[in-house]
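In this chain, residues are counted from 1 in sequence order.
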Amino acid sequence: MFLHEYVPQSLRDAWRAEFEQLHQGAMTVSEYVVHFSELACHAPALVATVRERVHRFIEGLHPSIRTSMAREIEMDITYQQAVSIVETVEGMFARDKEEREAKRSRETGHYSGARAPATRYGRGFVSRHVHSALPAASGVPTPPRP
């Protein structure tokens, strides 16, 4: 009632269009839930039933999360159940990402990424100078640096 009397139709149309285009993108699930809920009240015909609301919510999720929710689209679950499942999936993805990054940093050690200068020889053979990691006091001569 209030919206029809005091909010211009153009603004209500803009909110509806924004809701129709809403996707999670770079938002967290919590941020997406807030935007979805705020805009859904301006487009009640698009989410008239619980099933339509859940389906539209899932369709707007980031593709990696949406794929995990394929089964839930077919089930009769409440909107709040869908939100809870999505938050759990997002948490699992975040933990997996942290584990991969921690593993990657352990595997790479302290490598700086710098490459030794290359020397080209005939037939495309490329040689890179190798710098010994042995201490100079070991008695093993190290090659001169270029």
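Identified under the salt bridge (Lys or Arg N to Asp or Glu O under 4.0 Å) test for residues 14-23, with sequence neighbours left out: R16-E20. The stretch residues 35-46 participates, sequence neighbours left out, in no salt bridge (Lys or Arg N to Asp or Glu O under 4.0 Å) pair at all. Annotation: salt bridge (Lys or Arg N to Asp or Glu O under 4.0 Å) contacts involving residues 58-71, sequence neighbours excluded, are absent.
In terms of heavy atoms, E72 sits closest to I58 at CB-CD1, 4.2 Å. Between R12 and V7 the shortest heavy-atom distance is NE-O, 3.2 Å. Taking both residues in full, the closest heavy atoms of V47 and R53 are given as CG1-CA, 3.7 Å, listed atom of the first, atom of the second, then distance. Closest of all the heavy-atom pairs between F19 and A43 is CD2-CB, 3.7 Å. In terms of heavy-atom proximity, I65 sits nearest to Q24 at CD1-OE1, 3.9 Å. Between T78 and Q81, the shortest heavy-atom contact is N-OE1, 2.7 Å.
Considering only residues two or more places apart in sequence or on other chains, E31 meets the salt bridge (charged side-chain N to carboxylate O under 4.0 Å, His left out) condition with none of them. Legend: residues meeting side-chain contact (heavy atoms from CB on, under 4.5 Å) with S64, ordered by chain and number and at least two apart, are H62, F93. Residues that satisfy the side-chain contact (heavy atoms from CB on, under 4.5 Å) test with E101, not counting sequence neighbours, are K97, R104. Remark: S84 pairs with no residue by the side chain to side chain donor-acceptor pair (under 3.5 Å) rule, at least two apart or across chains. Legend: residues meeting ring-ring contact (aromatic ring centres under 6.0 Å, His included) with Y79, ordered by chain and number and at least two apart, are F36, F57. Not counting sequence neighbours, the partners of D76 by the salt bridge (charged side-chain N to carboxylate O under 4.0 Å, His left out) test are R51.
In terms of hydrophobic clustering, with Ile, Leu, Val, Met, Phe, Trp and Tyr side chains grouped at heavy-atom distances under 4.5 Å, M75 and V50 are assigned to a common cluster.
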- request: May I have the step-by-step check of side chain to side chain contact (heavy atoms under 4.5 Å, CB included) for M69 and I85, ending in yes or no?
  value: CA-CA 8 Å; M69 298 295 292; I85 293 167; 3.5 Å; yes
query: Between L22 and M27, is a side chain to side chain contact (heavy atoms under 4.5 Å, CB included) present by the stated rule, with each step listed?
result: CA-CA 11 Å; L22 182 64; M27 290 184 271; 4.0 Å; yes
- request: Assess whether side chain to side chain contact (heavy atoms under 4.5 Å, CB included) is satisfied between M92 and R95, documenting all intermediate values.
  value: CA-CA 5 Å; M92 291 167 51; R95 282 190 301 279; 3.3 Å; yes
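Two residues are said to be in side-chain contact when any heavy atoms from C-beta on lie closer than 4.5 Å; E90 and L61 fail this criterion.
Judged by distance alone, with hydrogens and angles left aside, the side-chain atoms of H35 form no donor-acceptor pair with the main-chain N or O of V33 at under 3.5 Å.
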